[in-house]
Amino acid sequence: MLYVRAILAEFKGTLAILATAVVIGTVLHAITPQPSLGGRRPSMGVSAYAAWMALFAQPTYSPPIPAHLMVLYAVYPVLGFILVGQGVVRLSLLMISRRRGEREWMLVMASTYRDHVVLCGLGHLGFRVLEQLVAGGTPVVVLERSKANPFVAQAKAMDVPVLIRDMKEDQALIDAGIEHATTVIICSNDDVSNLEVAIDSRRMNPKVRIVMRLFDQQLASKIAGALTVDAAFSSSSLAAPVVAAMALHAKVLSSLMIGGDTYVAAEVAVEAGSTLVGKPCGAVEREFNVRVLALLSAGGGAPLRDLSSERPLAAGDTLVVHVAADALSAIAAAGCRVS
């Protein structure tokens with residue numbers, strides 16, 4: 001269905017001219033009495049057929065023919081040759097462009113998108129974001145400056161329109177459908193460029209949600225509050241808890257921003273001899289200022305979600321906790337064996 005919409009959008013001008021020509025030809029035939037019909041006027045259906053055939057140099061009626069129809073029969077074959085011939089050539093080129101994933105088809109596809117996400121920057125972070133959006137069924141149009149980017153081919157293989165354009169150009173955002181987008185995610189490596197695109201996006205679509213990457217988390221927090229940016233994040237800040245967890249026998253499941261601070265959901269292993277052994281979940285929550293979401297028992301089985309009991313933690317258990325990123329290391333360290 002999306003392909004049909006794309007084709008109709010690309011040929012709307014040609015189809016409009018063709019329809020106008022058929023309507024005019026239909027009216028001229030319908031108001032003209034025909035000797036072959038005993039001097040009666042033809043029906044609208046017959047008139048429409050006669051107008052259509054005139055475009056292919058196939059006049060329906062034999063002489064004598066009124067002057068205005070003679071002019072029509074002289075002009076319409078030329079018009080039909082131009083419209084139909086041009087349409088066939090353009091359609092052929094467009095199908096070749098689609099098969100090769102070339103610029104023309106990408107533009108046509110992007111023009112059909114509504115209520116989508118515009119993703120600016122297809123680096124490592126951008127591609128991971130794209131994978132999550134596509135997995136969730138969210139329509140996405142990508143803006144990427146470098147054609148040599150290895151992620152471009154992978155994105156096209158996912159049937160995502162990728163426009164090889166500089167995201168700082170107004171026309172690039174327009175071609176990506178910024179006016180009809182619900183969200184723009186800006187995640188290139190250039191903070192200044194990201195900020196410029198955020199401002200341009202807000203100017204072009206005051207209702208669009210803006211999510212912007214900045215390397216400096218402190219600057220990101222200030223900009224989010226001052227420039228009506230919905231969310232500004234530092235990828236290094238979000239990644240730091242994951243890296244720290246790798247060294248502390250914890251596994252970060254997800255991270256998110258709440259009130260400008262980074263929080264994570266993480267699995268914390270309880271090792272034999274650690275200070276967590278023997279403590280109930282409630283005591284762990286109070287001591288480390290965390291929220292225990294689930295308990296994976298050392299004996300296996302389904303996760304325990306009713307944590308109201310005072311069951312003591314045992315070696316081999318795994319806690320699933322929600323905790324501020326800067327407090328993760330404390331509980332993760334507490335789960336390690338005391339040497």
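Keep in mind that this is a model prediction, so the values were computed, not measured.
- Between the Glu267 side chain and the Leu253 main chain, no donor and acceptor come within less than 3.5 Å of each other.
- Among all heavy-atom pairs drawn from Asn205 and Glu179, the shortest one is ND2-O, 3.4 Å.
- Side chain of Tyr76 to backbone of Ala21: a donor-acceptor contact under 3.5 angstrom is found.
- The main-chain N or O of Asn189 is never found under 3.5 Å from a side-chain atom of Arg213 such that the two would form a donor-acceptor pair.
- For Asn149 (side chain) and Leu122 (main-chain N/O), a donor-acceptor pair under 3.5 Å exists by modelled atom type.
- Panel note: side chain His116, backbone Ala176; a donor-acceptor pair is recorded below 3.5 Å.
- Between Arg311 and Asp317 there is a salt bridge, since a side-chain N of the basic residue sits under 4.0 Å from a carboxylate O of the acidic one.
- At distances below 3.5 Å, not a single donor-acceptor pair connects side-chain atoms of Asn194 with backbone N or O atoms of Met212.
- In this structure, Phe56 places its CZ atom where more than 12 heavy-atom neighbours from other residues, nucleotides or ligands lie under 6.0 Å away.
- Side-chain contact check for His322 versus Tyr263: some heavy-atom pair is nearer than 4.5 Å.
- Of the inter-residue distances, the one linking Glu169 atom CD with Glu196 atom CD reads 10.5 Å to the nearest 0.5 angstrom.
- Atom CD1 of Ile82 and atom OG1 of Thr14 lie 11.0 Å apart (nearest 0.5 Å).
- Nearest heavy atom pair, residue Ala54 against residue Leu72, reads CB-CD2, 3.7 Å.
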Discussion item. Between Val292 and Val321, does the side-chain contact (heavy atoms from CB on, under 4.5 Å) criterion hold? Intermediate values first, please.
Written reply: CA-CA 4 Å; Val292 178; Val321 299; 4.2 Å; yes
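- The line from SG of Cys187 to NE2 of His124 is 12.5 Å long, rounded to the nearest 0.5 Å.
- Rounded to the nearest 0.5 angstrom, Met167 CE and Glu144 CD are separated by 9.0 Å.
- Within a 6.0 Å radius of CG in Asp166, other residues, nucleotides and ligands contribute more than 12 heavy atoms.
- When atom types are taken as modelled, the side chain of Ser47 and the backbone of Ser43 share a donor-acceptor pair closer than 3.5 angstrom.
- How far NE2 of His180 is from CD1 of Ile174: 10.5 Å, rounded to the nearest 0.5 Å.
- Across Pro42 and Thr32, no two heavy atoms sit closer than the pair CD-O, 3.3 Å.
- The closest side-chain donor-acceptor pair between Thr182 and Asp115, if any, does not fall under 3.5 angstrom.
- One finds the CG atom of Leu163 at 10.5 Å from the CD atom of Gln171 (value rounded to the nearest 0.5 Å).
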